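Worksheet: the structure to be examined is printed underneath.
For clarity, every value in this text was computed on a predicted model and none was experimentally measured. So that the names make sense, note that chain A is the first sequence line, chain B the second, and so on, each numbered from 1. The analysis underlying the following values was restricted to heavy atoms, covering all of them including side chains, and did not include hydrogens, waters or symmetry mates.
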Amino acid sequence: MPPPKVLMVAEKPSIALAIASVLSHGQMFTRRGSTEVHEFEGMFRDSPAHFKVTSVIGHVFSLDFPAKYQDWSATDPFDLFQAQVVKNESNPKAHICRHLNQEARGCRYLVLWLDCDREGENICFEVLESSGFNIRDAYRARFSSVTEKDVLKALDNLVKPNRAESLAVDARQEIDLKVGVAFTRFQTSFFQGKYGNLDSRVISYGPCQTPTLGFCVQRYLQMNTFKPEKFWSLHPYIFHNGYEIQLEWQRGKLFDINVAMMFQKLVAQDGVLKVTEMSEKQETKARPVGLNTVNLLKVASSALGFGPQMAMQLAERLYTQGYISYPRTESTAYPPSFDFRGALSAQANNPTWGNYVQGLLTNGYHKPRSGTDVGDHPPITPMRSAAEDTLGNDAWKLYQYICQHFIGTVCPDCKYLRRKVEFSIGGESFHCTGHNVITKGFTAIMPWLAVSDKNLPSFIKGQKIEVSKMELYEGSTAPPDYLTESDLISLMENNGIGTDASIPVHINNICERNYVQVQAGRKLVPTTLGITLVRGYQTIDPDLCLPDIRSFIEQQITLIAKGQIDHHYVVQHVIQQFMQKFSYFVKKIEDMDALFEAQFSTLTESGRILSKCGKCLRYMKYISAQPPRLYCGTCEEVYDLPQKGIIKLYKELCCPLDNFELLLCSMPGPEGKSYPLCPYCYSNPPFEGIEALINTAKTGTSGKMGKGAGMPCTLCPHPSCPNSLVSQGVCACPECSGTLVLDPVSAPKWRLFCNMCNCLVFLPQGAHRISTTRERCSECDSSIIEVDFNKKTTPLEDGSTLHRGCILCDELLHSLIEMKHGRGFRSSRGRGRGRKVGYRGRGRGGKMMDPKMSFRDF
DNA sequence: GCAAGGTC
């Protein structure tokens, strides 16, 4: 009988590889799949076994609402709280689910090597579900590093997956989804399009991102309401043994000038300082503990100028290239088995700190400070040596810091002598201090943390010294500055907002949504939108933007993780509370709106005059802020426009159906297409069934029209309007089910573009005029086009300029056209997708043909 | 178009 098969699943491919390498002593067979599978023979629970080690790539599933809740306009956000939720595959293209199911076939046991935290426990159950394993045959390996010792120990001490912890994550997902989506949809819909200068594509809410924004706005409000106060302080100066020294007053600063002047008088009456006390104390500046993600992000932002998102991208790349250890970790304690000698040796040839490292290797390095072990991954350390030119400037800076920090952790502490001399005059005490470094320790490697020497002349106790100058210093208290990114990361960490991996995402979110801007010195300056939102929450329900909202959720799901309360009960309880908050927020939204009204301009006062309304025949205003729209002040109607592209008036032409003036939308760039549209038809398509077509064009799915999708003239089936698809369409698109239409403003670089995809076809360049005709090709039913060539460059033999023909069947025209795609050129040849393409698009039954054949010569 | 959490 063959030995039983054991399937092992890790959280990411690199861990699968590491575990397999340890267990197989490097003797494994690796094959590719959705993720790599490593196979080898070994021992499992004292019997021979065949191992297969593979991995997922993070979470297998993510939570969402079923399809019927996806349409914003057809769903009341309040209903989302009680809606069902479904688990979809996180990354359907990776086919992780199928992969696990296939690999599980014929396996007797499952061993789960996922990170040892709640999320890891949750992924265990995702793997169980995907693979179809019975939990009876599944085991959990608990490990905190992938060293041989740890891996073998974990395999000898297998436990069962922890369902309670996994359920806590399920609960968190459901609560975050429902709360976030309900509030986001409600406030987006409420404010969208209401104000002219408000960028309101999405006005999001989330239990992590909103408190994050709250921190930035809170600081802004503190700055704004700050009242400076004057203060006074006595600054005596002395000349002693060639040093000029300013002494510090024991009382620091006083906020009453009369009191300060009284002391000044007392001191002046005495006139002579007496040395009362001299002391020396050895101080220690401790070496750093191991580097975790949050601290790396803080240094990257404050010292290197990299935002968290950027820093993580750089770190990720250094990690995948093998230069540093895994960059997402909370722990600052090194595992007991950590190979310091090995890691240090890799740095021994570095031109900057190599000599110092060699010293540590020969004279002995220090045991690092203990730090904290959260049981996830070891601190971030360099894994191998690197050179600046192979890494590139930014990655090198980050790598350099990681090396310096690592070396710093095994260096001696910095020690210095602190000298203090105390004086008395007129009954008041003053002092001065000096520093003398004894041992540089880790500051030799991290020079920016060095203690600078400050020498003091020698004094004798009881000595009397003249005051050379007595200054009554007048100062003023200063407001705090904007939060730096580094401050924000600390606040998030201390308040339990986000995780090492998600903190950069939240910060990025509030920047991208235009709630804050990163300014010089990586300071976070809230925008009017960000400030108004937070002030709105503060007036309606301050909880909504306080970090407690996250701690409340965390605390509730911890009850599930501990197995104390049923998970459905907790979810229902928390959801009930948020439903109440939501109802109250909806009821009071006018209070927030009042703040918006004060900050943003109404539609009437914003925008510029653009085109005529077909109903009242007056001019409408074009509002360019997202989402772009037209506003008719007379009819008080808003007409949505395409989200992207530059909008202009189109030759003062009018739509024959509704009399609205036509607009031209041009996409940027040399290959950007231009198309006309009627502002009324765009949002209110006049022909039945057109929505499905529009949605196919915009999103590739059918259904109701979503935001940002509309009917331009290039999709309009109007039979006689000169701008409609029927008039401007030339032939079927060879790439999709769309139609190639003439770009009416492309002269002299005449071209056709597809009304559905980004397919582009260049027509004879430099022609005077190219237009469609009502005639059709007898061969392929395409529109015959008329070309008026330039006199000088006409290809026609008799020097004439006018030519009519089909771009596919007319030899001359066909030889003059060239096919290109909007994004990246792909040859249409040999793609073998087996599409069935016929003539469609012009609304008339034509002879079926395969345009792919006609385009074969491109 | 929406959350937060994994990982790439």
Residues 178-186 of chain A side chain polar contacts: donor-acceptor under 3.5 Å, at least two apart:
{"residue": "Lys178(A)", "atom": "NZ", "partner": "Phe81(A)", "partner atom": "O", "Å": "2.9"}
{"residue": "Lys178(A)", "atom": "NZ", "partner": "Ala83(A)", "partner atom": "O", "Å": "2.9"}
{"residue": "Lys178(A)", "atom": "NZ", "partner": "Glu174(A)", "partner atom": "OE2", "Å": "2.9"}
{"residue": "Thr184(A)", "atom": "OG1", "partner": "Gly180(A)", "partner atom": "O", "Å": "2.6"}
{"residue": "Thr184(A)", "atom": "OG1", "partner": "Tyr205(A)", "partner atom": "N", "Å": "2.9"}
{"residue": "Thr184(A)", "atom": "OG1", "partner": "Tyr205(A)", "partner atom": "O", "Å": "3.1"}
{"residue": "Arg185(A)", "atom": "NH1", "partner": "Tyr69(A)", "partner atom": "O", "Å": "2.8"}
{"residue": "Arg185(A)", "atom": "NH2", "partner": "Tyr69(A)", "partner atom": "O", "Å": "3.1"}

Open item on the list: Measuring from the side chain of Thr499(A) (C-beta onward, heavy atoms only), which nucleotide among dC8(B), dA3(B), dG5(B) has the closest atom?
Closed with: dG5(B)
TODO: Of all the heavy-atom pairs spanning Ala104(A) and Ser131(A), show the shortest one and how long it is.
DONE: CB-O, 3.5 Å
Open item on the list: If you take any heavy atom closer than 4.0 Å to DNA chain B, which residues from residues 113-132 of chain A end up in contact?
Closed with: Asp115(A), Glu119(A)
Task: Atom pair distance, as rounded to whole Å: NZ in Lys93(A) and C1' in dC8(B) - done: 14 Å
Open item on the list: Whole angstroms only, please: what is the CD1-C1' distance between Ile203(A) and dA3(B)?
Closed with: 16 Å
- [ ] Kindly confirm whether the side-chain ring of Trp72(A) is stacked on the base of dG1(B), judged by centres under 5.5 Å and planes under 30°.
- [x] yes
- [ ] Would you kindly compare Thr210(A) and Ser189(A) by the position of their nearest DNA chain B nucleotide and give the one closer to the 5′ end?
- [x] Ser189(A)
- [ ] Would you classify Pro77(A) as touching base, sugar-phosphate or nothing, given that sugar-phosphate means primed atoms plus P, OP1 and OP2, and contacts are heavy atoms under 4.0 Å?
- [x] nothing
Task: Whether Phe600(A) and Tyr195(A) hold their rings parallel, tilted or perpendicular, with breakpoints at 30° and 60° - done: tilted
Open item on the list: Counting only side-chain nitrogens and oxygens, does His506(A) get under 4.0 Å of the OP1 or OP2 atom of dA3(B)?
Closed with: no
Task: Counterpart residues, salt bridge (Lys or Arg N to Asp or Glu O under 4.0 Å), relative to Arg550(A) (two or more places apart) - done: Asp176(A), Glu554(A)
- [ ] Using the closest heavy atom to pick a nucleotide of DNA chain B for each, name whichever of Gln173(A) or Glu316(A) lands nearer the 5' end.
- [x] Gln173(A)
Open item on the list: Measure CZ/Phe65(A) against C1'/dG1(B) and give the value in whole Å, please.
Closed with: 14 Å
Task: Value in whole Å for how far the P atom of dG5(B) lies from NE2 of His59(A) - done: 10 Å
Task: From dC8(B), dA4(B), dC2(B), nucleotide with atom closest to Ile57(A) side chain - done: dC8(B)
TODO: Name the nucleic acid region contacted by Tyr69(A), choosing base, sugar-phosphate or nothing; use a 4.0 angstrom heavy-atom cut-off, strictly under.
DONE: nothing
TODO: Kindly state which residues belonging to residues 508-518 of chain A come within less than 4.0 angstrom of DNA chain B, counting heavy atoms of the residue only, listed by number.
DONE: Arg513(A)
Task: Derivation of the side-chain contact (heavy atoms from CB on, under 4.5 Å) call for Asn91(A) and Ile57(A) - done: CA-CA 9 Å; Asn91(A) 184 354; Ile57(A) 311 167; 5.6 Å; no
Task: Under 4.0 angstrom between Arg328(A) side-chain N/O and dT7(B) OP1 or OP2 - done: yes
Open item on the list: Checking Lys87(A) now: which residues fulfil salt bridge (Lys or Arg N to Asp or Glu O under 4.0 Å) with it, not counting sequence neighbours?
Closed with: Asp170(A)
Open item on the list: Lys52(A): which residues meet the salt bridge (Lys or Arg N to Asp or Glu O under 4.0 Å) condition with it, sequence neighbours left out?
Closed with: Glu103(A)
Open item on the list: So Phe183(A), base contact, sugar-phosphate only, or nothing? Heavy-atom distance under 4.0 Å.
Closed with: nothing
Task: Polar side-chain contact Gln70(A)-dC2(B) base: donor and acceptor under 3.5 Å - done: yes
Open item on the list: What I want to check is whether the side chains of Arg317(A) and Tyr319(A) have a donor and an acceptor closer together than 3.5 Å.
Closed with: no
Task: Short side-chain N/O contact from Ser502(A) to OP1 or OP2 of dG5(B), under 4.0 Å - done: yes
Open item on the list: Taking only side-chain N and O atoms of Arg550(A), does any of them lie within less than 4.0 angstrom of OP1 or OP2 on dG5(B)?
Closed with: yes
Open item on the list: Nearest to the side chain of Pro13(A), heavy atoms from C-beta on, is which of dG6(B), dA4(B), dC8(B)?
Closed with: dC8(B)
Please tabulate, one pair per line, all N/O donor-acceptor pairs under 3.5 Å involving side-chain atoms of residues 375-382 of chain A, not counting sequence neighbours.
{"residue": "Asp376(A)", "atom": "OD1", "partner": "Thr329(A)", "partner atom": "OG1", "Å": "3.3"}
{"residue": "Asp376(A)", "atom": "OD1", "partner": "Ser331(A)", "partner atom": "OG", "Å": "2.7"}
{"residue": "Asp376(A)", "atom": "OD2", "partner": "Glu330(A)", "partner atom": "N", "Å": "2.7"}
{"residue": "His377(A)", "atom": "NE2", "partner": "Asp115(A)", "partner atom": "OD2", "Å": "3.4"}

- [ ] Check whether any side-chain nitrogen or oxygen of Ser62(A) sits under 4.0 Å from OP1 or OP2 of dG6(B), and answer yes or no.
- [x] no
Task: All salt bridge (Lys or Arg N to Asp or Glu O under 4.0 Å) counterparts of Arg384(A), not counting sequence neighbours - done: none
- [ ] Take the protein atom CG of Asp376(A) and the nucleotide atom C1' of dT7(B), then report the distance between them rounded to whole Å.
- [x] 15 Å
Open item on the list: In this structure, how many angstroms lie between the C1' atom of dT7(B) and the CD atom of Gln309(A), rounded?
Closed with: 13 Å
Task: Spacing between Ile175(A) atom CD1 and dC2(B) atom P, to the nearest angstrom - done: 22 Å
Open item on the list: Nearest whole Å is fine: how far is dC2(B) C1' from Gln192(A) CD?
Closed with: 12 Å
Task: For Glu129(A), all residues meeting side chain to side chain donor-acceptor pair (under 3.5 Å), sequence neighbours excluded - done: none
